[in-house]
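As a basis for the values below, the full set of heavy atoms in this structure was taken, side chains included, without hydrogen atoms, waters or symmetry mates. Throughout, a chain's letter reflects where its sequence line sits, starting with A, and its residues are numbered from 1.
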Amino acid sequence: MRDSGPSEILLDWYDAHARDLPWRVGPAARKAGIRPDPYRIWLSEVMLQQTTVASVRSYFERFTALWPRVEDLAAAPDAQVMGEWAGLGYYARARNLLKCARAVTSDHGGTFPQTPESLRALPGIGPYTAAAIASIAFDYPAVVVDGNVERVMARLHDDPTPLPAAKPVFTRYAEALTPQERPGDYAQAVMDLGATVCTPRNPSCILCPWQERCAARLARTASTLPRKTPKKPKPVRLGIAYLARREDGAWLLERRPDRGLLGGMLGWPGSEWGDAPEPAPPIDADWQEVGAEARHTFTHFHLRLALRTAVVPVDQVPERGIFVEAGEFRSSDLPTVMRKAFDLAWTQRPD
DNA sequence: AATTCGGGGCC
DNA sequence: GGCCCAGAATT
């Protein structure tokens, strides 16, 4: 066997161990000349931002079935896209997804730009996603740095510098390894390595194709890396949600403003969330307290949401929100905290 | 440079 | 309970 550099060693490992993913063109097919669909790569990469493969799978299948091409997604109604994204989290991604699909369709003739810089100019595409699309979809030798790559680089160099301050250094490590040949397969290979071998806890160093050149394996420090600066504790916020059912079965919901928490999503009208929430019934009714509260943890706070229910006559006009007909309402269109509130108030309890 | 943005699976 | 995840946008 001829002398191989680290990227060739990793590519050999990838040829044998590449995971089968719905958006992936595997190494064998790629060598046979099959190109990935940039639309599917873009969609998967946006869904995968801070989100596990296991969570993304079903959403990816659903989106590509509903909207096979970027032009189809661009033409979709906002409310339908937000509803399909419900439960996946980080809802700014869905809003930017639509902006991006419409920009690609109207400004680029339905074709994704191919360089990291031009991709970076599109909504919802940052440094990582631009590099990932350029390399995977177009075989552009971009330096792809995600959480997996950071972890692998920290361990290869046994570098104790804490993230996020270490990001520029880890990026330089990654730069030095990125090959000109098969950059797309290489990018996916490092991420697969991080996801399946060089895992956050209990890495399988014995299975690692880079074990002989890994400083952390020699030092037995792999499982302690990368270091991260400690996070702030999450405060508790309180709130009240009002779940009104009209006598004909319609539900009183509210479209949340496009910015901020759960932006652009449907939700139950309610109080602000804070230390001492003020009652804010959206319609005059005989509100009943629900015994249980919905508990939910967001990125930076814990929420305890008190619930109120009421049944109101058909001719009554709400002060806030809009009635959604029973036949048009799907609790799966709601973000998880709102779906939890619905389940607690109306399905897990007797009427 | 820090903060804001979700949710699920794992330990 | 906290940690992690194919991060981006905003301040």
How would you list, by chain and number, every residue that makes a side chain to side chain donor-acceptor pair (under 3.5 Å) with H157(A), sequence neighbours excluded?
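For H157(A) there are no side chain to side chain donor-acceptor pair (under 3.5 Å) partners, ignoring immediate neighbours.
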Whole-Å gap separating [atom2] ([N]) and [atom1] ([X]):
{"X": "H302(A)", "N": "dG7(B)", "atom1": "NE2", "atom2": "P", "value": "15 Å"}
{"X": "L261(A)", "N": "dT4(B)", "atom1": "CG", "atom2": "C1'", "value": "9 Å"}
{"X": "L334(A)", "N": "dG6(B)", "atom1": "CG", "atom2": "C1'", "value": "15 Å"}
{"X": "W273(A)", "N": "dC5(B)", "atom1": "CH2", "atom2": "P", "value": "10 Å"}
{"X": "L163(A)", "N": "dT3(B)", "atom1": "CG", "atom2": "P", "value": "16 Å"}
{"X": "L303(A)", "N": "dT4(B)", "atom1": "CG", "atom2": "P", "value": "16 Å"}
{"X": "L88(A)", "N": "dG9(B)", "atom1": "CG", "atom2": "P", "value": "12 Å"}
{"X": "Y59(A)", "N": "dG6(B)", "atom1": "OH", "atom2": "P", "value": "13 Å"}

Between [M] and [N] - [atom1] atom distance, rounded Å:
{"N": "dA6(C)", "M": "dT4(B)", "atom1": "P", "result": "25 Å"}
{"N": "dC3(C)", "M": "dT3(B)", "atom1": "P", "result": "16 Å"}
{"N": "dG6(B)", "M": "dC4(C)", "atom1": "C1'", "result": "13 Å"}
{"N": "dG8(B)", "M": "dA8(C)", "atom1": "P", "result": "22 Å"}

Go through the steps to decide whether H296(A) and F298(A) satisfy the test ring-ring contact (aromatic ring centres under 6.0 Å, His included), and finish with yes or no.
CA-CA 7 Å; H296(A) 192 75; F298(A) 292 95; 4.8 Å; yes
Atom pairs and distances, donor-acceptor, side-chain atoms in residues 123-131 of chain A, under 3.5 Å, two or more places apart:
from	atom 1	to	atom 2	distance (Å)
Y128(A)	OH	E45(A)	OE1	2.7
T129(A)	OG1	Q49(A)	NE2	2.9

Name all residues meeting the ring-ring contact (aromatic ring centres under 6.0 Å, His included) criterion together with Y186(A); count only those two or more places apart in sequence or in a different chain, and write none if there are none.
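Residues passing ring-ring contact (aromatic ring centres under 6.0 Å, His included) with Y186(A): none at all.
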Residues two or more places apart in sequence or in another chain: which of them pass ring-ring contact (aromatic ring centres under 6.0 Å, His included) with H108(A)?
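Applying ring-ring contact (aromatic ring centres under 6.0 Å, His included) to H108(A) gives none.
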Map A92(A) and K232(A) onto DNA chain B by nearest heavy atom, then report which one ends up closer to the 5' terminus.
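Its nearest nucleotide being more 5', the pick is K232(A).
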Only distances under 3.5 Å count here; give the side-chain donor-acceptor pairs of residues 246-257 of chain A to other protein atoms, sequence neighbours excluded, each with its distance to 0.1 Å.
from	atom 1	to	atom 2	distance (Å)
R246(A)	NE	D248(A)	OD1	3.0
R246(A)	NE	D248(A)	OD2	3.3
R246(A)	NH2	D248(A)	OD2	2.8
R246(A)	NH2	E325(A)	OE2	3.4
D248(A)	OD1	A250(A)	N	3.1
E254(A)	OE1	R320(A)	NH2	3.4
E254(A)	OE2	R320(A)	NE	3.2
E254(A)	OE2	R320(A)	NH2	3.3
R255(A)	NH1	G264(A)	O	2.9
R256(A)	NE	L261(A)	O	3.3
R256(A)	NH2	L261(A)	O	3.2

May I ask you to check whether F329(A) and F323(A) place their ring centers less than 6.0 Å from one another?
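No.
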Could you tell me if the ring centre of W85(A) sits under 6.0 Å from that of Y59(A)?
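Centroid distance W85(A)-Y59(A): not below 6.0 Å, so no.
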Considering just the side-chain nitrogens and oxygens of H296(A), establish if one lies under 4.0 Å of OP1 or OP2 belonging to dG7(B).
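For dG7(B), OP1/OP2 do have a side-chain N/O of H296(A) under 4.0 Å.
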Measuring to OP1 and OP2 of dG7(B), would you say a side-chain N or O of T336(A) lies under 4.0 angstrom away?
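For T336(A), the contact criterion (side-chain N or O under 4.0 Å from OP1 or OP2 of dG7(B)) is met.
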Considering only distance and modelled atom types, tabulate donor-acceptor pairs under 3.5 Å from the side chains of residues 29-39 of chain A, sequence neighbours left out.
from	atom 1	to	atom 2	distance (Å)
R30(A)	NH2	D139(A)	OD2	2.7
K31(A)	NZ	D15(A)	OD2	3.1
D37(A)	OD1	Y39(A)	N	3.0
Y39(A)	OH	W67(A)	O	2.7

Which ones in residues 78-87 of chain A lie close to DNA chain B, meaning a heavy atom under 4.0 Å from one of its atoms?
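Within residues 78-87 of chain A, the residues near DNA chain B are G87(A).
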Could you tabulate the donor-acceptor pairs under 3.5 Å formed by side-chain atoms of residues 200-214 of chain A, not counting sequence neighbours?
from	atom 1	to	atom 2	distance (Å)
W210(A)	NE1	P6(A)	O	2.9
Q211(A)	NE2	I206(A)	O	2.9
Q211(A)	NE2	C208(A)	O	3.1

Could you run through nucleotides 4-10 of chain C and give me one letter per nucleotide, 5' to 3': B if any protein heavy atom sits under 4.0 Å from the base, S if only the sugar-phosphate is that close, - if neither?
SBBBSS-
